[in-house]
There are 2 protein chains.
Amino acid sequence: MTQMQSVTYTSAKERDVTDLVLEDILTGVLPAGTWLKQIDLEKRYDCTRPEVRRALDRLSQKRLVEHVPNRGYHVYQPEGRRAQEISDIRVILETAVADLMVENATPESIARLRQLAQHFDRMTMEGTVLEHYEANLAFHRELLLLAGNTELVEVVSEIRQRTSSAPVSQWRTRARVERSAREHHMMIDALEARDVAGLKRLIEAHIRQTGDAAPTESAVRQA
Amino acid sequence: MTQMQSVTYTSAKERDVTDLVLEDILTGVLPAGTWLKQIDLEKRYDCTRPEVRRALDRLSQKRLVEHVPNRGYHVYQPEGRRAQEISDIRVILETAVADLMVENATPESIARLRQLAQHFDRMTMEGTVLEHYEANLAFHRELLLLAGNTELVEVVSEIRQRTSSAPVSQWRTRARVERSAREHHMMIDALEARDVAGLKRLIEAHIRQTGDAAPTESAVRQA
DNA sequence: GTTACCAAAATTGGCGCCAATTTAGGATAC
DNA sequence: GTATCCTAAATTGGCGCCAATTTTGGTAAC
C-alpha cells in the first residue's frame, strides 16, 4: 500500500473539464452571455464530446450556464435582482454564525486566518486572477469553518459561485481590492477581540461591498 | 388564468428520469444504501443508458447518491451529524426572514396558505406518500415566498432534499404527522397575528421536530 | 431595394457498442 | 475442510456515429 496512485497528475489534463470551464467563467475568460459551443470546448480543453456535455450539464445544474434546448448553452447573465437576493442569503448565513465563530476561535485558528489573509494580499500583486480568487475563497472557507458546520461551508461556497462573473467585474478597481484585503484583517481583529457585533457588521459590509464598515472600539484597539 | 397547461403529463414517461429517481429516493422506494445498478434503472424507468447515467451524475452532484468509481452509485446514507447541520442551516435561513414574511403577508396570501395547509391535512389521509410530501413542500414554498426572495426559496428547497430519506422515517408515526399539520396552522395564526417572535419559535420547532413549540399568547388568541 | 423562401452547412443531442475493471464462483492445492 | 488462485460473468464507463433541429447565406420574386 504505497498510496501514491491518488496524486499522479499526468501533466495538466488530469483535472475534470467541469472545473476548467468553471474557472474560465469565474475568472472572466468566458464572459457572461458567451455561447459555449461544444466543438470549441472540445478543442479548447482537448477532451471528448461526452466530457464536454457532462460539464455543461453540471454547470447548468449549478445555474452557472443556461441551457436552451436545441440552441446550446451560454454563460448565465446574473441580473441585478438575483445578485441582490444571493447577497442577502449570504449575509443571513454568515452573520448568523458570528457568535459561534467567536466562540470556537483559538489562537491557532486565528494565526491560520492571518496567514490566509496575508496570502490574499500577496496574490493581489503577484498572483493570477484565479489564484487571487482562490485565495479569497480559502480565507472565507477557513473563517466559516470556525462555526463548526461543514455543511454550511459547502452551501455558502455553492451559492457564492452563482454570482459568477461578479468577482472580476467587482474587483476591477484596485481600491476595491485593497479595501477587501483590509476588511479581511479587520474581521480577524474583531474575532480576536471577541467582538461579535463588530464582526457581524464587518461581514455584512464585506459581502455587500458597501463602505460603511465603521470599526468598533474593540476592533480599533487591536490595530 | 385557467392554470391547466402545466399538468399535461402525456402518459407517465414525459418527465425527466432524474425526477423519477429523485421521487423514489425521497419516498423511500429506494432506501438509503441501495446500489443503483444502471441496467436495473434502465428497465425500471424504461429509458436508455445515457439517460440513466445523466440522472445518476446529477443526483451525485446534489449529494443524494454517492459515486464510487468502477463500483457504481448508491443512495447516500445521511449520517446524524450532517442531518443536524442541515437542520441548523434551515433554521437560520427560515427564521431570519420571519419579520419579512410578517411584513409582506396579505389577507390573500394567508388565505392561500390556509388552503395549502388544508391540502396537506387532506393528503395525510387520502394521498400517496409522494402527494403528501409534495403538499408539505408546497406549503413551505408559499410561506418562504412571502419573504420576497425567490433565490432563498430555491436554496432551501435544495438543501431540504439533502436530508433525503428523512421524510419517510420521520413521518412514520401518525402522531408526528398530525403535529406537523397542527404546526402549519399555528404558523399561519402567528403570521396573521403579526407575531414575529412566535413565528420564529414555531418555525424552529417545526424544522427541528422538537415538541417545545409553546404557543405565544397571540397565537393562542387565534385558535 | 427589400423581403421572403429555400437549401446547405453547422450544431446539438440521442443511442449503442466495446474495452476496462470488478466481483463471484469454482477448482485445486495444502 | 479451508484457503487461495484463476477464470468467467457482469457491470461500469469511455467514445464515436448519425439523425434532428436550427441557423445562415444566397437567390429569386415583388
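Each chain gets a letter, A, B and so on, in the order the sequences are listed, and its residues count up from 1. Not measured: the values here are computed from a predicted model.
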When you compare the side chain of B:Leu36 with that of B:Asp40, does any pair of heavy atoms fall below 4.5 Å?
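B:Asp40 does not reach B:Leu36 side chain to side chain.
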
In whole Å, what is the span from the [atom1] atom of [X] to the [atom2] atom of [N]?
X       : N      : atom1 : atom2 : value
B:Trp35 : D:dA10 : CH2   : C1'   : 15 Å
B:Gln38 : C:dC17 : CD    : C1'   : 14 Å
A:Lys43 : C:dA10 : NZ    : C1'   : 12 Å
A:Ile39 : C:dT12 : CD1   : P     : 7 Å
A:Asp57 : C:dG13 : CG    : C1'   : 12 Å
A:Leu41 : C:dG13 : CG    : P     : 13 Å
A:Arg54 : C:dG13 : CZ    : P     : 17 Å
B:Glu51 : C:dG13 : CD    : P     : 14 Å

Quick check on DNA chain D: between A:Arg53 and A:Asn70, whose nearest nucleotide comes earlier from the 5' end?
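First, find each residue's nearest nucleotide; the 5'-ward one identifies A:Arg53.
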
Of A:Pro69 and A:Arg49, whose nearest nucleotide on DNA chain D comes first from the 5' end?
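Its nearest nucleotide being more 5', the pick is A:Arg49.
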
With respect to the phosphate group of D:dG13, does any side-chain polar atom (N or O) of B:His67 fall under 4.0 Å of OP1 or OP2?
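Looking at the OP1 and OP2 atoms of D:dG13, one of them is under 4.0 Å from a side-chain N or O of B:His67.
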
Below 4.0 Å: OP1/OP2 of D:dC15 and any side-chain N or O of A:Thr48
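Affirmative; the distance criterion is met.
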
Closer than 3.5 angstrom, by distance alone: can the side chain of [X] be matched with the main-chain N or O of [Y] as a donor-acceptor pair?
X        : Y        : result
B:Asp24  : B:Leu30  : no
B:Glu131 : B:Thr128 : yes
A:Asn149 : A:Leu152 : yes

Would you classify A:Arg71 as touching base, sugar-phosphate or nothing, given that sugar-phosphate means primed atoms plus P, OP1 and OP2, and contacts are heavy atoms under 4.0 Å?
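Sugar-phosphate contact only - A:Arg71 comes under 4.0 Å of backbone atoms but never of a base.
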
